[in-house]
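Below, all heavy atoms of this structure are taken into account, side chains as well, without hydrogens, waters or symmetry copies. It should be emphasised that the depicted structure is a prediction, and the values quoted were computed from it without experimental measurement.
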Number of protein chains: 2
Amino acid sequence: MKNRSRKFSNVTIKDIAREAGVSYSTVSRVINNFEYIKPETRERVTDAMTELGYVANQHARRLVGGRSQVIGLLIHAFDSPYIGQIVQGIDEAVAEAEYDLMLYTTHRRKTRESTFVVSIARGLADGLLMVLPRDVDTYLDTLNQQGFPFVLIDYVATSNDVPAVSATNRQGAYDAAAHLIELGHRHIGFIAGDMVADSARERLQGYKDALVDNGISFESALVYEGDFFQSSGFAGADALLSLDAPPTAICASNDVMAFGAYEAVRSRGLRTPQDISIVGFDDIPQAAQVHPPLTTIRQPLQEMGRLATQMLLSWIEETVEEQLGYVQLPTELVARDSACSPTESVFYRS
Amino acid sequence: MKNRSRKFSNVTIKDIAREAGVSYSTVSRVINNFEYIKPETRERVTDAMTELGYVANQHARRLVGGRSQVIGLLIHAFDSPYIGQIVQGIDEAVAEAEYDLMLYTTHRRKTRESTFVVSIARGLADGLLMVLPRDVDTYLDTLNQQGFPFVLIDYVATSNDVPAVSATNRQGAYDAAAHLIELGHRHIGFIAGDMVADSARERLQGYKDALVDNGISFESALVYEGDFFQSSGFAGADALLSLDAPPTAICASNDVMAFGAYEAVRSRGLRTPQDISIVGFDDIPQAAQVHPPLTTIRQPLQEMGRLATQMLLSWIEETVEEQLGYVQLPTELVARDSACSPTESVFYRS
DNA sequence: TGTGTTGTTACAAACGTTTGCAAAAACCTG
DNA sequence: CAGGTTTTTGCAAACGTTTGTAACAACACA
């Protein structure tokens, strides 16, 4: 009970001070690379450090007011490759800057999100990254008021002064639909994502805009509201193909739902793209690897994570003066094999 | 410069002591649920806490010797769904226990692994989880000697007293090969994983054992050494199919390489499973979603993460007396559509 | 030799908690 | 109401750092 958490050796600054025959403040200054240290002293200290295997206690450091070199990352869950890609970008940037990453998952429970935000802001982290945040309004003020550094990822900001990174969702969906229209499709279905997400709404809007711009009237019957998961892609495509006048092409709001649509098409004995063209969104790694390779809108996911991290770090380290703002990274159409001209189709409803 | 990191309000235990008209130690006791607190006092304190929005400073807590409620997780990278699944299991168990998760990625650089291990052990975390660790011998002693809690995941222990969780890799591969043999295959290729990984070696062994047990002689020409990535699955299958006597079936050491093999088969104008049967390993979510759905060996990845976390927590919290050991979770054959009897094949080499 | 620099080091306070010890308050019991 | 418990509270020390202040050492200059 006495030495409960002191089971393992605990070399402190004082131990190495004793070993090197100097005061502990000198040791601290050696560690922090102060000028005005006699080279000989410095060497004695570093020698003692390696000898005793000294590792700084981060908690003590942070307590006196220093940085913890930790950044908090708040995500819903690990269930999608989409998140994985973003996290990979974040992780790289974080590692480069020699920070550590603290992971918080809400498991999609709303309450946890705001709870986390306050405790992170007061707790271990120097800054906070949030992917696809939900109740932003709940804590945005708190955060701003406390001056706590944060950057939102894939949050569609309404004003320009909230630090956030996202992709050109509207434009991306516009391009997807326009691509199909260009191929000759006039009757295009749309499988939306979870509409509480800003990006889902933006993508739907892009689809609508493309239709209108090309003189095609929007039909709400051709829109199925999914939730970004594969099963809803299946359900959506299935519903769309059951219509009296089914579409000849389908835009899915993300790749995973596009894969679900693949299944639905296959389950009806139809083929992609000959019978139904399908376009996804995201360009997750699997998009290139499924059969047929998926035509999709590439979102620079890793890049988004990376940029957000860099923005956050510049805020934390105050390396930059101007206020951080809202950045949109460009999407890009990646034409693979899942969409073709409807004229090529062996039209199954004669 | 003065209040550099004190930009945001910082309510301490003393502030709420003043507010509630008690001493700060009383506040601390309220926070830590001590008995012997007058209910009325307790209430005054909790009221003050909510009023002032108190959040405990974890660093100070940890400094006096308490737990940080943080567990460290060391992985290579985020690049595979395999890792994602394990992390999901870990994350769930960690969240349940109300711990936080600190993430360290080595990006496959060996040096970083041991560096991390020492700094984590001395730093923020109460315990350490490592997925697919490499140079375990380098730091196993240090860890043990310091009595620092840790559990390895997907590390094949040679002795039983190292706390580790893995799956029955040998048996799994054995089952995969046996399944193909049972279907009638006699000429079976094997795409191995990165042989520095214990699991890769175990799987190869299982394949060999199944062959021998069924009176089939092992041919090293039928083994291709891959690296667990998709491209090596492609290369492996391609090499195998280029042999003078190509196999009628291929066992891949993980699902991702099996997908690569799919591509190789397809690129030669052949079909899975009619021309070539393919079996994977892991049963990552995509395995059920590719076409054809992949016959594979299910590893309980989430379960492994979960169990390892629970073991670690029981060590940290000393809720269990006996020494933690090596646990192997059972694998299971999941027969889908990518393997069939070779007699059904339209045999392409007449 | 005294004085002024400049480089180098030590001491002490502070960060926000937890916790051992002791004192105070409240409650019994006779 | 004195004496003894038991409950409740406060004080002070400690955890391992960083950093302001001050002192000391070395050196140059006059």
Side-chain angles (χ1 to χ4, degrees), chain A residues 1-45 48-49 52-69 119 122-124 126, chain B residues 1-45 48-49 52-69 119 122-124 126:
Chain A
M1 219 16 90
K2 284 276 130 170
N3 62 345
R4 139 173 78 61
S5 62
R6 288 289 163 279
K7 283 173 294 190
F8 48 94
S9 82
N10 231 337
V11 183
T12 82
I13 213 178
K14 300 197 180 182
D15 294 325
I16 83 144
R18 198 179 319 114
E19 178 82 7
V22 296
S23 83
Y24 56 88
S25 50
T26 302
V27 176
S28 173
R29 293 195 231 271
V30 169
I31 292 169
N32 295 287
N33 274 317
F34 267 53
E35 48 183 357
Y36 296 154
I37 301 270
K38 203 191 285 182
E40 183 208 316
T41 315
R42 183 186 301 277
E43 191 177 354
R44 275 218 314 284
V45 170
M49 293 205 301
L52 274 55
Y54 172 79
V55 182
N57 181 320
Q58 298 300 333
H59 295 285
R61 275 203 165 157
R62 179 76 207 268
L63 189 55
V64 320
R67 302 258 151 66
S68 61
Q69 300 282 108
S119 73
R122 187 68 175 66
L124 317 313
D126 292 333
Chain B
M1 219 12 90
K2 284 276 130 167
N3 62 346
R4 144 171 77 60
S5 62
R6 289 288 163 279
K7 284 173 294 190
F8 50 94
S9 83
N10 232 336
V11 184
T12 82
I13 213 178
K14 300 199 180 182
D15 294 325
I16 85 142
R18 197 178 321 115
E19 178 82 8
V22 296
S23 82
Y24 57 86
S25 49
T26 301
V27 176
S28 173
R29 290 193 240 270
V30 169
I31 293 169
N32 294 287
N33 273 317
F34 269 51
E35 49 183 356
Y36 297 152
I37 301 271
K38 202 192 285 181
E40 183 208 314
T41 316
R42 183 186 301 277
E43 190 177 354
R44 275 217 315 285
V45 170
M49 292 204 301
L52 273 56
Y54 172 79
V55 182
N57 182 320
Q58 298 299 333
H59 296 285
R61 275 203 165 156
R62 178 75 206 267
L63 190 53
V64 316
R67 303 257 152 66
S68 61
Q69 300 282 108
S119 73
R122 187 66 174 62
L124 316 310
D126 292 333

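- Contacts of B/S25 classified as side-chain hydrogen bond (donor to acceptor under 3.5 Å, both in side chains), with partners at least two apart in sequence or in another chain: B/S23.
- Distance CZ (A/F34) to P (D/dT17): 15 Å, rounded to an integer number of Å.
- A distance-only check finds no donor-acceptor pair linking the side chain of A/S68 to the backbone of A/R62 [under 3.5 Å].
- Rounded to whole angstrom, the span from the CD1 atom of A/I13 across to the C1' atom of D/dT18 amounts to 8 Å.
- Residue A/Y36 places at least one side-chain N or O under 4.0 Å from the OP1 or OP2 atom of C/dG7.
- In this structure, the CD1 atom of A/I37 is 13 Å from the P atom of D/dT19, given to the nearest Å.
- An OP1 or OP2 oxygen of C/dA10 is reached within less than 4.0 angstrom by a side-chain nitrogen or oxygen of A/S23.
- Each of B/G21 and A/A60 has a nearest nucleotide on DNA chain D; the 5'-most of these lies closest to B/G21.
- The interatomic distance linking A/R61 (CZ) with D/dT17 (P) rounds to 8 Å, in whole Å.
- OP1 or OP2 of C/dT18 has at least one side-chain nitrogen or oxygen of B/N32 nearer than 4.0 Å.
- Straight-line distance from the CZ atom of A/R18 to the P atom of C/dT9: 19 Å, rounded to whole Å.
- Residue A/I16 contributes atom CD1, which lies 14 Å from atom C1' of D/dT18 at whole-angstrom precision.
- Judged purely by atom type and a 3.5 angstrom limit, B/N32 has no side-chain atom pairing as donor or acceptor with the backbone of B/R29.
- Put simply, A/T41 has no side-chain N or O that comes within less than 4.0 Å of OP1 or OP2 on C/dT8.
- Between the CZ atom of A/R62 and the P atom of D/dT19 there is a distance of 13 Å, given to the nearest Å.
- Distance NZ (B/K38) to P (D/dG10): 10 Å, rounded to an integer number of Å.
- A heavy-atom distance below 4.5 Å is not found between the side chains of B/V27 and B/E19.
- Side chain of A/D126 to main chain of A/R67: no donor-acceptor pair is present (N/O by atom type, distance under 3.5 Å, no hydrogens or angles).
- The side chain of B/Y24 places no N or O atom within less than 4.0 Å of a non-bridging phosphate oxygen (OP1 or OP2) of C/dT19.
- Taking side-chain N and O atoms only, A/S28 has a distance below 4.0 Å to OP1 or OP2 of D/dT18.
- One cannot find a donor-acceptor pair under 3.5 Å joining the base of C/dG7 and the side-chain atoms of A/R29.
- If you check C/dT17, D/dG16, D/dT9 against the side chain of A/V64, the one that comes closest is D/dG16.
- Under 4.0 angstrom from either OP1 or OP2 of D/dT9 there lies no side-chain N or O belonging to B/S25.
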